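When a ligand or atom number is given, it counts from 1 through the structure's own listing order. Just so it is clear, the model here is predicted, and its values are computed rather than measured.
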Amino acid sequence: MKKELLKILREKKPLVHHITNIVTVNDCANITLAIGALPVMAHALEEVEEMVSAADALVLNIGTLTNEQVEAMIKAGKAANRFKVPVILDPVGAGATKLRTQSTKKILEGVKISVIKGNSAEISILAGKGGKIRGVESQSGADDISEAAKDLANAYNVVVAVSGATDIITDGKRIAYVKNGHPTMGTITGTGCMLTSVVASFCGVCEDYFEATVEAFIAFGIAGERAAQSSNVKGPGSFKVTFFDEISNLTPEIIEKDKKVEYE
Ligand SMILES: Nc1ncnc2c1ncn2[C@@H]1O[C@H](COP(=O)(O)OP(=O)(O)OP(=O)(O)O)[C@@H](O)[C@H]1O
Ligand SMILES: Cc1ncsc1CCO
Ligand SMILES: [Mg+2]
């Protein structure tokens, strides 16, 4: 079943409604297209409920949040819950400011989230296990990040995904470690945001959000490895362009051959 998930995604072309930041909004739209899904960015309070009613997944990314945007996120999220549309939360910079931490908690309390995807500092801080973040950049997370992720997953009954050199995905019971990926992915801004869009794309076609998230992380990591190894790449600019190409050129066979995942 897992092997075919990318195929199903490309056949169904899920519509992924984003309420996201102004830094990487265009990259998120293009990565969603490159994986085979359909993006739409819609933020206005007056239209989010209508838009999400037609969507297959909803991304809430707080990277450049305002109070009004958080209000739109909660409105869209509640509507998504009514329409049984999965909601994927990227708590960008949670812990860096009170607004970010408090808004994330407000969203988690008002909306049934399917997946929280963050870096190790964001997840550790939300789990109440400390962690340091500088702007949107993780400096350090909890000593036992797997336990912190599991605690957060159990506290909100969600899938929690932590990106890093080794990615960790857990639903509170199952846990997966994904070792695909490449350090070059950290040289451009927004790889985390784009990964969230790809997670949402997979969740739009698979109701087991744990499996969908694991598959998304594997696919994203493999594309990063292939781009980093490409002879076209001379630095961050050409890496970014090549990465989009590699996401688009992925096949279920490549994923099956190159995946590095361990389950516990
Ligand atoms: N050192 C590394 N080795 C392998 N893969 C990495 C490494 N650093 C990041 N990645 C990969 O890059 C992607 C983004 O993860 P990262 O933790 O850098 O996100 P982020 O901090 O939220 O990014 P941003 O804030 O720029 O959006 C993930 O797929 C992750 O596996
Ligand atoms: C740099 C930056 N600042 C707010 S959002 C964002 C994009 C990466 O998360
Ligand atoms: Mg991030």
Proximal atoms of ligand 2 relative to Cys193 (non-hydrogen, under 4.0 Å) | 8 (C), 9 (O)
Looking at Val92, which atoms of ligand 2 are within less than 4.0 Å of one of its heavy atoms?
-> 9 (O)
Between Val261, Thr166, Ile218, Asp167, which is the residue that forms a side chain to side chain contact (heavy atoms under 4.5 Å, CB included) with Lys179?
-> Thr166
Among Thr104, Val115, Asn61, which one satisfies side chain to side chain contact (heavy atoms under 4.5 Å, CB included) with Leu89?
-> Thr104
Is any side-chain N of the basic residue among [X] and [Y] closer than 4.0 Å to the acidic one's carboxylate O?
X	Y	answer
Lys12	Asp56	no
Lys150	Asp171	no
Glu109	Lys106	no
Glu49	Lys78	no
Arg174	Asp208	yes
Lys84	Glu207	no

Quick test of your reading of the structure: of [options], whose heavy atom lies closest to [atom]?
atom	options	answer
atom 6 (C) of ligand 2	Ile62, Thr20, Val23	Val23
atom 26 (O) of ligand 1	Gly192, Ser120, Gly190, Ala228	Gly190
atom 14 (C) of ligand 1	Thr191, Ile222, Thr166, Asn61	Thr191

Which residue holds the protein heavy atom closest to [atom], what is that atom called, and what is the gap in Å?
atom	result
atom 31 (O) of ligand 1	Asp167 OD1, 2.8 Å
atom 29 (O) of ligand 1	Phe220 CD2, 3.4 Å
atom 3 (N) of ligand 2	Val136 CG1, 3.8 Å
atom 5 (N) of ligand 1	His182 N, 3.2 Å
atom 16 (P) of ligand 1	Ser163 OG, 3.4 Å
atom 11 (C) of ligand 1	Met185 SD, 3.8 Å
atom 4 (C) of ligand 2	Gly63 O, 3.2 Å
atom 1 (C) of ligand 2	Thr189 OG1, 3.7 Å
atom 21 (O) of ligand 1	Asn119 ND2, 3.5 Å

Decide whether the shortest distance between a heavy atom of Cys193 and an atom of ligand 1 is less than 4.0 Å.
-> yes
Heavy-atom gap Gly164 to ligand 1 smaller than 4.0 Å = yes
Could you please spell out the steps behind the side-chain hydrogen bond (donor to acceptor under 3.5 Å, both in side chains) verdict for Asn30 and Asn26?
-> CA-CA 6 Å; Asn30 277 313; Asn26 181 258; 3.3 Å; yes
Determine whether the side chains of Ser120 and Ser138 contain a donor N or O and an acceptor N or O closer than 3.5 Å.
-> yes
With distance as the sole criterion, is a donor-acceptor pair present between the side chains of Asp90 and Thr196 under 3.5 Å?
-> yes
Please assess Phe220 against Phe243 for the test ring-ring contact (aromatic ring centres under 6.0 Å, His included), listing each intermediate value before the final yes or no.
-> CA-CA 9 Å; Phe220 199 82; Phe243 179 65; 5.0 Å; yes
With a 4.0 Å heavy-atom cut-off (strictly under), which part of Leu195 contacts ligand 1: side chain, backbone, both or neither?
-> side chain
Near Gly181, which atoms of ligand 1 are under 4.0 Å from a heavy atom of that residue?
-> 4 (C), 5 (N)
Work out whether the distance between some heavy atom of Gly192 and some atom of ligand 2 is less than 4.0 Å.
-> no
